[in-house]
Colleague: 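Shown below is the structure under consideration.
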Amino acid sequence: MSVLTSEPGAAPSAEMPPGDGARHKLTTVTGLAALSLDAMASVAYGPEAIVLVLAAAGGYGLGFTLPVTVAIALLLTVLVASYRQVIAAFPDGGGSYAVARTHLGRRTSLVAAASLVLDYVLNVAVAVTAGVAALTSAFPGLYGDRLWLGLAVLVLITAVNLRGIVNSARAFILPTAVFIGAILALVVVGLFRDAPVSTEAAAGHASVLGTNATTVGALLLLKAFASGCSALTGVEAIANAVPSFRAPAARRAQRAEVALGALLGVMLIGLSVLISRFGLQPVEGVTVLAQLADASFGHGLAFYVVQFATMVLLALSANTSFGGLPVLLKLLARDNYLPHVFGLKADRQVHRHGVLTLAAVSAALLVFSGGDTNTLVPLFAIGVFVGFTIAQTGMVIHWRAVRGPKWAAKAALNGLGALLTGVSAIVVTATKFHDGAWLIVVTLPLLVAGFESVHRAYTRIGERLEVGRVPEPPHRDRSLVVVPVSSLTRLTSEALTAAVSLGDEVHAVTVCHPDPEDREQTEALERDWALWRPGVPLVRICSGHRTVGRPIAAYVRKLAATDPDVRITVLIPEVEPAHLWQRLLQNQRGALVAHAVRHDTTAVICRLRFRLLDESGGHS
């Protein structure tokens with residue numbers, strides 16, 4: 001069967017053209033541009049998520065913004081250190097899936113894989129809708145077209161990624177550099193301000209600050225911490241896509257991971273310091289980042305540069321998923337949990353089927369949400385926290401098994417990270433359950449069940465094919481070739497020539513229907529056949545129905561039942577037109593016969609293509 005281009009249980013063969021090499025893989029810088037956009041863009045909504053939760057406790061609550069952000073930055077440090085170790089221990093990529101598969105068992109690894117798949121898909125949808133939302137905020141007249149704008153952005157990103165991950169990385173280096181430069185400049189300039197330069201962005205917008213609150217409970221701080229951890233999404237993407245880096249891949253990926261952690265940590269803490277310094281209060285309709293840009297730069301050109309850079313990076317942060325998910329799908333296909341087609345590579349080292357599948361599912365989510373970010377955000381961070389927790393728990397077991405230098409300290413660090421991310425996953429799921437998180441709770445086990453179903457199917461196929469066993473030596477059976485014919489032409493001659501070259505015995509068959517016209521044509525063919533005398537018998541198959549494929553399949557079954565030891569091949573002659581448009585002129589009878597024989601018999605199908613030449617003597 002066509003799905004088994006490689007043996008079940010073995011990695012599928014790659015469609016790698018000769019000469020493909022390092023030029024289609026990532027350096028540290030291009031890896032940072034291709035795989036960190038999700039994490040970088042999260043500074044646009046991570047601090048805001050903290051502020052919005054703490055705002056329920058009024059101005060007193062906002063005073064805890066910096067401590068909560070510092071706690072998140074510490075968790076970020078733990079995660080970066082952990083994923084550096086994951087990269088070294090699992091250089092084939094896969095992140096939490098690879099760790100869990102080795103140390104926590106098959107079922108847990110599938111939970112990790114399912115959580116990563118959900119996170120990557122949702123990241124694309126959230127990134128695109130958030131970027132479009134930023135655009136429609138600047139140009140309200142486009143609000144009604146936000147779905148079509150989102151789909152257009154998705155098509156653009158997909159097209160760039162089909163050109164190869166290196167091409168996408170190069171395309172996104174400039175917007176990434178502009179965004180990082182703008183945020184760092186905002187922080188540095190803001191630290192030299194004693195008060196906001198401007199509050200024009202927030203003027204006239206209603207405050208969402210709570211009133212009459214004098215205490216901040218542990219639950220509120222925990223919710224703020226969990227919400228702010230949305231800024232950590234994308235930290236795992238580099239570890240998932242290690243094979244996409246140039247050699248030494250692990251070392252380059254580790255450098256990119258550290259650079260990502262350092263930049264993200266500095267930006268998060270810097271923005272939180274400014275929130276406290278300026279006494280910023282959240283308002284409806286204006287982002288926290290916009291208020292900070294207003295406060296640091298004033299309401300001028302620099303303010304709009306920050307807004308535009310944020311809009312572009314949010315839209316392009318979907319590229320992180322296009323870099324990480326296809327590699328994960330390749331690993332799942334290698335382990336027989338997804339169809340092997342996801343393991344194939346096309347030109348430029350592109351996992352084309354993974355890219356196109358991600359684009360199709362993301363487009364469906366955009367249509368489902370109507371291009372509305374708020375519909376998707378509640379579902380976003382749960383999957384990544386599940387993956388974090390599983391990865392760090394697996395690394396604890398890894399250190400216990402390896403017992404290298406300072407293994408206890410490393411295991412304790414990963415254990416702390418697993419505890420923090422596990423608590424965050426529970427809190428986010430509980431607090432967002434009625435806002436749509438229930439969909440993730442339902443979808444996660446369904447994905448795991450789907451992986452298991454594919455694996456069982458490959459296991460059954462492998463057993464039938466006796467994969468892993470030494471097969472019997474090949475031997476020669478008597479062969480019989482069946483050739484469907486409808487008229488006496490050069491195509492018939494070419495088909496019979498091929499058939500007698502292939503088989504010990506050849507049967508030419510023609511299907512005759514009961515109407516007079518068809519009987520006359522069949523009788524004329526039989527007379528011409530007798531005069532031609534090709535040395536091959538012509539068998540008339542009578543059928544009461546206006547079909548071709550099923551009567552031929554029934555004839556093949558009869559032959560197989562009469563002589564079980566004979567090897568039957570059905571050779572179907574077809575014309576290959578000189579021009580593509582001429583295929584519309586064909587009756588497709590060959591395809592119908594092939595389908596019926598494949599469905600109802602075990603015969604080998606051979607489709608002989610007879611190519612027609614155009615007037616110049618060339619092929620189409």
Side-chain angles (χ1 to χ4, degrees), residues 1-18 92 101 106 330-346 353 452-485 493-509 534-537 539 549-550 552-574 590-591 593-610:
M1 60 180 60
S2 60
V3 69
L4 294 176
T5 55
S6 61
E7 293 182 350
S13 59
E15 301 173 3
M16 287 181 58
D92 290 334
R101 184 187 57 194
R106 182 175 58 85
K330 179 201 74 172
L331 296 178
L332 287 167
R334 182 196 66 186
D335 296 336
N336 296 329
Y337 291 111
L338 280 178
H340 286 173
V341 70
F342 286 106
L344 299 178
K345 284 184 181 179
H353 297 91
E452 293 275 24
S453 178
V454 172
H455 191 268
R456 284 194 298 270
Y458 274 126
T459 300
R460 288 193 296 267
I461 294 171
E463 290 173 352
R464 293 291 300 274
L465 295 179
E466 299 183 355
V467 174
R469 304 177 191 174
V470 178
E472 295 181 0
H475 60 278
R476 193 179 189 285
D477 287 335
R478 189 172 67 86
S479 59
L480 188 156
V481 181
V482 175
V483 183
V485 298
S493 175
E494 292 285 343
L496 293 181
T497 300
V500 296
S501 303
L502 292 173
D504 299 319
E505 184 179 354
V506 177
H507 290 186
V509 299
V536 173
V539 179
R550 281 182 290 178
I552 294 176
Y555 177 75
V556 171
R557 288 199 305 272
K558 181 180 177 181
L559 291 174
T562 303
D563 189 354
D565 294 327
V566 71
R567 294 283 180 171
I568 301 176
T569 299
V570 179
L571 189 148
I572 304 170
E574 296 176 292
V593 173
H595 175 77
V597 172
R598 181 185 298 110
H599 185 267
D600 296 333
T601 76
T602 58
V604 176
I605 298 172
C606 178
R607 302 180 74 170
L608 174 69
R609 303 284 187 178
F610 181 71

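Hydrogens, waters and symmetry mates play no part in the numbers below; they use all other heavy atoms, side chains included.
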Colleague: Over all heavy atoms of both residues, which pair between T569 and C606 is shortest? Give the atoms and the distance, please.
Modeller: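 Result for this residue pair: CG2-CB, 4.1 Å.
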Colleague: Rounded to the nearest 0.5 Å, what separates atom CG in L331 from atom CZ in F342?
Modeller: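 Going from CG on L331 over to CZ on F342, the span is 13.5 Å.
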Colleague: Is the ring pair Y555/H507 parallel, tilted or perpendicular, if the boundaries are 30 and 60 degrees?
Modeller: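 Correct class here is tilted.
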Colleague: Testing the basics here: between A596 and R550, what is the closest heavy-atom pair and its distance to 0.1 Å?
Modeller: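 For A596 and R550, the tightest heavy-atom pair comes out as CB-N, 3.9 Å.
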Colleague: Are V483 and P573 close enough that some pair of their side-chain heavy atoms sits under 4.5 Å apart?
Modeller: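 A side-chain contact exists here, since the closest heavy-atom pair is under 4.5 Å.
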Colleague: Are E452 and R106 side-chain neighbours, meaning at least one heavy-atom pair lies under 4.5 Å?
Modeller: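 Yes. Closest side-chain heavy atoms under 4.5 Å.
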Colleague: How many angstroms lie between NE2 in H455 and CG in L338, if you round to the nearest 0.5 Å?
Modeller: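 Separation between the atoms: 11.5 Å.
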Colleague: Quick check for you: to the nearest 0.5 Å, what is the distance between R101 atom CZ and D335 atom CG?
Modeller: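 The CZ atom of R101 sits 4.5 Å away from the CG atom of D335.
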Colleague: For the atom pair CG (L571) and CD1 (I605), what is the distance rounded to the nearest 0.5 Å?
Modeller: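 It comes to 11.0 Å.
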Colleague: At their closest point, which heavy atom of L496 faces which heavy atom of P534, and how far apart are they?
Modeller: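 Where L496 meets P534 most closely, the heavy atoms are CD1-CB, 4.2 Å.
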Colleague: Rounded to the nearest 0.5 Å, what separation is found between the OG1 atom of T562 and the CG atom of L480?
Modeller: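 Interatomic distance, T562 OG1 to L480 CG, rounded to 0.5 Å: 10.5 Å.
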Colleague: Determine, step by step, whether R456 and R460 satisfy the side chain to side chain contact (heavy atoms under 4.5 Å, CB included) criterion, reporting the C-alpha distance in whole Å, the side-chain angles of both residues, the deciding distance to 0.1 Å, and the verdict.
Modeller: CA-CA 6 Å; R456 284 194 298 270; R460 288 193 296 267; 3.9 Å; yes
Colleague: If you compare all heavy atoms of A333 against all heavy atoms of P339, which two are closest, and at what distance to 0.1 Å?
Modeller: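 In terms of heavy atoms, the two residues are closest at CB-O, 3.4 Å.
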Colleague: Is it true that a side-chain atom of D477 and a backbone atom of V566 form a donor plus acceptor pair closer than 3.5 Å?
Modeller: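 Flag not set: sc D477 to bb V566 has no pair under 3.5 Å.
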Colleague: Around R557, counting heavy atoms of other residues, nucleotides and ligands shown, do more than 12 lie under 6.0 Å from its CZ?
Modeller: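 Atom CZ in R557 is crowded, with more than 12 foreign heavy atoms closer than 6.0 Å.
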Colleague: Scan V539, L559, V597, V506 and name whichever one has a side-chain contact (heavy atoms from CB on, under 4.5 Å) with V482.
Modeller: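 With V482 as partner, V539, L559, V597, V506 yield a single side-chain contact (heavy atoms from CB on, under 4.5 Å), made by L559.
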Colleague: Search all heavy atoms of L502 against all heavy atoms of S479 and return the closest pair with its distance.
Modeller: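 Where L502 meets S479 most closely, the heavy atoms are O-OG, 3.7 Å.
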Colleague: Quick check on H595: does its NE2 atom have over 12 non-hydrogen neighbours (other residues, nucleotides or ligands) under 6.0 Å away?
Modeller: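 No, the 6.0 Å shell around NE2 holds no more than 12 heavy atoms from other groups.
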Colleague: Identify the heavy atoms of P484 and V593 that sit nearest to each other, and give their distance.
Modeller: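 For P484 versus V593, the nearest heavy atoms are CG-CG1, 4.3 Å.
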Colleague: Working to the nearest 0.5 angstrom, can you tell me the gap between D504 CG and R567 CZ?
Modeller: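 The CG atom of D504 sits 13.0 Å away from the CZ atom of R567.
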